[in-house]
Visitor: 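Shown below is the structure under consideration.
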Amino acid sequence: MKLNNLLLIFSLGVLPFVHSCRSPESDDKLKSKIEEALADNQGIAVDVEAGNVTLNGQLGSDSLKQVIEEKTKLAGGESIKSIHNNIMVNLPEPEDAREKYHEIVEGAVDSTLTRDVNRVLKEFPTITAQVKEGVIIATGNIEKSQLDSLKKRLEHIKPKGLDMKGVTSR
C-alpha cells in the first residue's frame, strides 16, 4: 500500500514537469502550422521554442500586424504558451497605393489628400487649394522661382489630377 501511495505521489509530481517539457518535434509541428496559416503574408518569420512563438518581419499597418497575431493564435491553439509579436510597422507606401485606395473607398481619400496638401501649402502661404474627387485645385499668386517647386511637391502626394490654372506667377 505504501509503495502504491509513493508511486502515486511520484507520478503526480513528475506529470506537470513532463507536460511542461516540449520536444523539438512538437515545436517544429507548431511552427509548420503557423507558417502554413501565414503563407499569404510573405516576409513574416516564425520561431518557436518550448511553445513560445516569436513573430518577426515588417508590415505596412498595425491592423495587419494584429491579423497576423490572430492567425497565429488560431493556427497554434492551446499549443502556444505565448506570442512575442516583434513585427515592425514601417514599410513605405507603395507608389500606386493612393490610387488603389481611392478606387476602393471611392473618394474618401480626399480628406487624406487635403491633409497632405495643407502640409505642402505651409511653405507657400499665398496659395490655397481644394481637393475634389482626388484632384487638387490650386489658386493664388506665387513667385516664378517657386512655381516648379510647388507643382512638384503637390504631384509628389499623388493626386488623381492637379489643376494649377488658378495660380499666377509674378
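Residues take their numbers from the sequence shown, with the count starting at 1. Because the structure is predicted, anything quoted here is derived from the model rather than measured.
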Visitor: Looking only at heavy atoms, what is the nearest atom pair of A75 and I34, with distance?
Guide: CB-CA, 4.0 Å
Visitor: Could you walk me through whether T112 and R115 satisfy the side-chain contact (heavy atoms from CB on, under 4.5 Å) test, starting with their C-alpha distance in whole Å, then the side-chain angles of each, then the deciding distance to 0.1 Å, before giving a yes or no?
Guide: CA-CA 5 Å; T112 303; R115 180 201 64 210; 3.5 Å; yes
Visitor: Can you check whether V53 reaches T72 side chain to side chain, under 4.5 Å on heavy atoms?
Guide: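 Of all side-chain heavy-atom pairs linking T72 with V53, at least one is under 4.5 Å.
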Visitor: Just how far is it from atom CD of Q146 to atom OG of S169, taken to the nearest 0.5 Å?
Guide: 11.0 Å
Visitor: Decide salt bridge (charged side-chain N to carboxylate O under 4.0 Å, His left out) for K71 and D40; before the verdict, give the C-alpha distance in whole Å, the side-chain angles of both, and the deciding distance to 0.1 Å.
Guide: CA-CA 11 Å; K71 284 182 176 182; D40 57 334; 3.2 Å; yes
Visitor: side-chain contact (heavy atoms from CB on, under 4.5 Å), that's the test. Do L55 and L38 meet it? Break it down for me.
Guide: CA-CA 11 Å; L55 302 172; L38 302 179; 4.2 Å; yes
Visitor: Do S82 and N52 meet the criterion of a side-chain donor-acceptor pair at a distance under 3.5 Å?
Guide: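 Yes, a side-chain donor-acceptor pair sits under 3.5 Å.
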Visitor: Looking at A45, is its backbone amide N or carbonyl O close enough to the side chain of N56 to form a donor-acceptor pair, meaning the two atoms are under 3.5 Å apart?
Guide: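 No, because the side chain of N56 does not come within donor-acceptor range (under 3.5 Å) of the backbone of A45.
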Visitor: Nearest heavy-atom pair of K31 and V46: which atoms, and what distance?
Guide: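 That closest heavy-atom pairing would be CE-O, 2.9 Å.
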Visitor: Under a 4.5 Å cut-off applied to non-hydrogen side-chain atoms, are Q58 and I87 in contact?
Guide: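 No - every pair of side-chain heavy atoms lies 4.5 Å or more apart.
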Visitor: Grouping I, L, V, M, F, W and Y whenever their side-chain heavy atoms are under 4.5 Å apart, do I137 and F124 come out in a common cluster?
Guide: no
Visitor: Please determine whether salt bridge (charged side-chain N to carboxylate O under 4.0 Å, His left out) holds for the pair E36 and K33, giving the CA-CA distance in whole Å, both sets of side-chain angles, and the decisive distance to 0.1 Å.
Guide: CA-CA 5 Å; E36 186 177 318; K33 283 183 185 178; over 6 Å; no
Visitor: I would like to know whether I83 and K73 meet side-chain contact (heavy atoms from CB on, under 4.5 Å); could you show each step before the answer?
Guide: CA-CA 8 Å; I83 297 176; K73 287 177 187 176; 3.4 Å; yes
Visitor: Say you draw a straight line from NZ of K132 to CG of D163; how long is it, rounded to the nearest 0.5 Å?
Guide: 10.5 Å
Visitor: Taking the side chain as every heavy atom from C-beta outward, state whether Q66 and E69 have any atom pair closer than 4.5 Å.
Guide: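 Yes. Closest side-chain heavy atoms under 4.5 Å.
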Visitor: Give a yes or no on whether the backbone of H84 and the side-chain of T54 come within a donor-acceptor separation of less than 3.5 Å.
Guide: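 It does not hold such a pair.
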Visitor: Once rounded to the nearest 0.5 Å, what's the spacing between atom CG of L30 and atom CD of E35?
Guide: 10.0 Å
Visitor: With a 4.5 Å cut-off on side-chain heavy atoms, are V48 and D28 touching?
Guide: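 The answer is no, as the side chains (C-beta and beyond) never meet within the 4.5 Å cut-off.
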Visitor: For the residue pair M164 and L150, what are the closest heavy atoms and their distance?
Guide: CE-CD2, 3.9 Å
Visitor: What heavy-atom pair brings I136 and L154 nearest, and what distance separates the two atoms?
Guide: CD1-O, 4.1 Å
Visitor: Let me confirm one number: the CZ-CG distance from R153 to D148, rounded to the nearest 0.5 Å.
Guide: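 So the gap between those two atoms works out to 13.5 Å.
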Visitor: Where the side chain of D27 meets the backbone of G51, is there a donor-acceptor pair that is under 3.5 Å apart?
Guide: yes
Visitor: Ignoring hydrogens, what is the shortest heavy-atom contact between T126 and I142? Give both atom names and the distance.
Guide: OG1-CA, 4.2 Å
Visitor: If I compare all heavy atoms of V135 with all of L162, which pair ends up nearest, and what's the gap?
Guide: CG1-N, 4.3 Å
Visitor: Can E143 and R170 be said to form a side-chain contact (heavy atoms from CB on, under 4.5 Å), step by step?
Guide: CA-CA 5 Å; E143 295 287 331; R170 37 187 166 148; 3.9 Å; yes
